[in-house]
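This report concerns only the one structure given below.
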Amino acid sequence: MGLGSTAKKIQTLSDRAEAMYKQVKKLQQRITGLEEEMDETHDTVTRLDHQLTEQRALLLAIADEQGLDGEQILADAAIDEVELEDESAADGDESVANEDGANEEEATDAVTGETTAE
């Protein structure tokens, strides 16, 4: 192996190392940017959470002033929300079960050669 091919290999290796270094620098910049965005998002969420707490207190005070039980209204709303979620989950499970049942019937019909009108 001559000195020319060794120099060429060293130059190729140097070029690759330089390209990798540039990629690492870009990656560091992206990570720094993401960290800054994450900090900004955290600050925004904290501020919104504080505002939501203030609004809830105001609404409860208004409800109390109007002779309404604000805590009971919120509890009823939470129960309704959970019930709706449960119904949605049950509907999703039923549709999967119905699809499975239909596929089983089709498979049985295909094996027996029977056709059914739907």
Side-chain angles (χ1 to χ4, degrees):
M1 172 163 53
L3 291 177
S5 68
T6 302
K8 188 182 265 187
K9 287 181 182 182
I10 291 174
Q11 183 62 42
T12 302
L13 186 61
S14 174
D15 292 343
R16 286 185 185 174
E18 187 176 337
M20 288 179 69
Y21 178 76
K22 287 179 182 178
Q23 288 178 339
V24 168
K25 283 298 241 187
K26 285 181 183 179
L27 188 57
Q28 285 176 331
Q29 290 171 348
R30 287 182 60 193
I31 289 172
T32 302
L34 288 172
E35 287 174 342
E36 290 171 359
E37 287 179 23
M38 183 187 67
D39 289 341
E40 290 172 10
T41 301
H42 175 72
D43 293 342
T44 301
V45 169
T46 302
R47 187 176 66 254
L48 289 173
D49 186 45
H50 179 70
Q51 289 174 353
L52 183 61
T53 301
E54 290 176 342
Q55 290 174 3
R56 180 183 177 122
L58 285 171
L59 288 173
L60 289 173
I62 291 170
D64 189 44
E65 187 177 286
Q66 296 295 319
L68 302 171
D69 185 2
E71 291 295 338
Q72 184 61 44
I73 293 169
L74 292 172
D76 291 343
I79 290 170
D80 291 343
E81 185 177 333
V82 169
E83 288 174 351
L84 286 173
E85 289 175 0
D86 288 346
E87 288 175 10
S88 296
D91 289 345
D93 292 344
E94 286 178 13
S95 67
V96 170
N98 288 338
E99 290 174 6
D100 290 344
N103 290 339
E104 289 174 11
E105 288 176 13
E106 291 171 3
T108 302
D109 291 346
V111 170
T112 60
E114 297 177 11
T115 57
T116 57
E118 292 184 28

Output for pair (Arg47 CZ, Asp43 CG), nearest 0.5 Å, gives 8.0 Å
From Thr44 OG1 over to Asp39 CG, what is the distance, rounded to the nearest 0.5 angstrom?
10.5 Å
Ser14 side chain to Ile10 backbone, donor-acceptor under 3.5 Å:
no
Looking at CG of Leu48 and CD of Gln55, how far apart are the two atoms once the value is rounded to the nearest 0.5 Å?
9.5 Å
Starting at CD1 of Ile31, measure out to CD of Glu36 and round the result to the nearest 0.5 Å.
12.5 Å
To the nearest 0.5 Å, atom CG of Leu68 lies from atom CG of Leu59 at 11.5 Å
With rounding to the nearest 0.5 Å, note down the distance linking CD in Glu35 to CD in Glu37.
11.0 Å
Between Ala63 and Gly70 the two heavy atoms that sit nearest each other are CB-CA, 4.1 Å
